[in-house]
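Let me begin by presenting the structure, written as structure tokens, before commenting on it.
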Amino acid sequence: MILIKLGGSIITNKEKPLSPRKKIIKNIVKNLKKIDESIIIVHGGGSFVHYWSVKYNMHTKPMNYSVRGVSTVKNSMIELNKIILDLFLENKLNPYCLPPTDFMAGNDPIIKKVKEIQKIANAGLIPITFGDALWYGQKKTYILSGDRIMTYLSKILKPRLSIFVLNEDGLYSDLKSKKLIYEINKKNPIISENKMDVTGGMTRKVEEASKISKMGIDVFFVNGNKPERIVKAVKNRKFEGTLFRGKKNA
Ligand code: IP8
């Protein structure tokens with residue numbers, strides 16, 4: 001099984017609130033059709049959801065956030081999720097919408113429920129889940145990032161590969177020249193912060209990718225503007241992007 005995160009920066013126009021990039025999503029979906037293993041999709045919020053999360057000052061820490069904010073973030077995420085589901089269906093793939101409330105209790109994954117996701121994927125459906133505003137308990141809520149979901153699913157389901165689809169070629173050693181890092185060998189690469197992203201943007205992605213690779217799973221960062229690279233990563237062809245090589249006990 002292959003686990004794929006469609007980052008918010010690739011599926012939405014981050015410069016413009018509430019704007020999906022339908023053409024790019026469609027191109028990605030068309031390439032996903034070329035993969036003949038089962039896949040599970042996680043997607044981010046991009047300019048749909050982070051716009052509201054920033055407005056209502058909501059973060060990943062469980063707190064008493066504005067109930068209006070929780071409702072609005074959730075609603076906006078559902079809107080983006082529906083756009084993605086429709087594009088999968090229109091392009092003859094069979095998505096299975098799976099909000100994280102289906103497999104999360106507080107901020108813990110429900111192992112039995114997560115294992116069920118694998119069975120859904122094995123049956124030929126494509127489970128699609130997403131980052132969300134979630135109930136924590138005792139009047140508290142929190143923002144669960146899709147990147148964190150990647151780590152939970154990787155830990156429990158042990159995919160053959162975990163892929164983060166980005167709006168960039170991968171990680172750069174130098175932002176000016178955009179010199180690509182083909183393989184991460186530093187323990188904690190330093191990444192610049194993005195203030196518009198309440199869940200931590202690239203910093204969180206690198207953090208979660210490092211955790212997943214330490215489970216012994218290869219993690220790829222690839223550019224979704226060139227979606228054939230996703231297929232290349234899966235089919236072990238000449239890969240372009242950044243690899244976090246799976247190393248147990250690293
Ligand atoms: O874009 C979105 O998930 P992410 C989380 O993967 C929310 O961090 C609801 C802001």
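The first residue of the sequence shown is numbered 1, and numbering continues consecutively from there. Ligands are counted one by one from 1 in listed order, and the atoms in each one are counted from 1 as well. Just so we're clear, the structure is a prediction, and the values are computed from it rather than from any experiment.
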Quiz item: Has ligand 1 got any nitrogen or oxygen that is less than 3.5 angstrom from a nitrogen or oxygen of Gly131?
Solution: no

Quiz item: Salt-bridged, Lys205 to Asp147, with N to O below 4.0 Å?
Solution: yes

Quiz item: ligand 1 versus Arg204, non-hydrogen atoms closer than 4.0 Å: side chain, backbone, both, neither?
Solution: neither

Quiz prompt | Atom indices of ligand 1, in the order listed, that fall short of 4.0 Å to a heavy atom of Asp132 | solution = 5 (C), 9 (C)

Quiz prompt | Electrostatic pair Lys226-Glu240, nearest N-O below 4.0 angstrom | solution = no

Pairs under 3.5 angstrom only: tabulate donor-acceptor contacts from the side chains of residues 24-48 to other protein residues two or more places apart or in another chain.
unit_1, atom_1, unit_2, atom_2, d
Asn31, OD1, Lys34, NZ, 3.1
Asn31, ND2, Asn27, O, 3.0
Lys33, NZ, Asn91, O, 3.1
Glu37, OE1, Arg160, NE, 2.9
Glu37, OE2, Arg160, NE, 3.4
Glu37, OE2, Arg160, NH2, 2.8
His43, NE2, Asn81, ND2, 3.0
Ser47, OG, Asn13, O, 3.1
Ser47, OG, Lys16, O, 3.0
Ser47, OG, Leu18, N, 3.4
Ser47, OG, Ser19, N, 3.3

Self-check item: Region of His50 engaging ligand 1 - heavy atom pairs below 4.0 Å
Solution: side chain

Quiz item: Would Tyr56 and Thr72 count as a side-chain contact (heavy atoms from CB on, under 4.5 Å) if you check the C-alpha gap in whole Å, the side-chain angles of each, and the deciding distance to 0.1 Å?
Solution: CA-CA 9 Å; Tyr56 287 99; Thr72 310; 4.1 Å; yes

Quiz item: With backbone taken as N, CA, C and O and side chain as the heavy atoms from C-beta onward, which portion of Leu144 lies under 4.0 Å from ligand 1: side chain, backbone, both, or neither?
Solution: backbone

Exercise. Find all atoms of ligand 1 within a distance of less than 4.0 Å from any non-hydrogen atom belonging to Val73, and give their numbers and elements.
Key: 9 (C)

Practice problem: Would you please classify the geometry between the Phe221 ring and the Phe244 ring as parallel, tilted or perpendicular, with 30° and 60° separating the classes? | Solution: tilted

Quiz prompt | Reference residue Asp169; test side chain to side chain donor-acceptor pair (under 3.5 Å); the match among Thr242, Asn223, Asn225 | solution = Asn223

Could you list the donor-acceptor pairs under 3.5 angstrom formed by side chains in residues 104-127, with sequence neighbours left out?
unit_1, atom_1, unit_2, atom_2, d
Gln118, NE2, Asn122, OD1, 3.0

Quiz prompt | Min heavy-atom dist Arg148 to ligand 1 below 4.0 Å | solution = no

Exercise. Kindly check if the number of other-residue, nucleotide or ligand heavy atoms within 6.0 Å of NZ (Lys155) is above 12?
Key: no

Self-check item: Polar proximity ligand 1 side, Lys5 side, N/O cut 3.5 Å exclusive
Solution: yes

Practice problem: Run the numbers for me: atoms of ligand 1, each under 4.0 Å from some heavy atom of Ser145, listed by number. | Solution: 3 (O), 4 (P), 6 (O), 8 (O)

Quiz item: Considering only heavy atoms, which of Ile11, Val49, Leu6 lies nearest to atom 10 (C) of ligand 1?
Solution: Val49

Self-check item: Atoms in ligand 1 with a heavy atom of Gly146 nearer than 4.0 Å
Solution: 3 (O), 4 (P), 6 (O), 8 (O)

Quiz prompt | Heavy-atom gap Ser53 to ligand 1 smaller than 4.0 Å | solution = yes

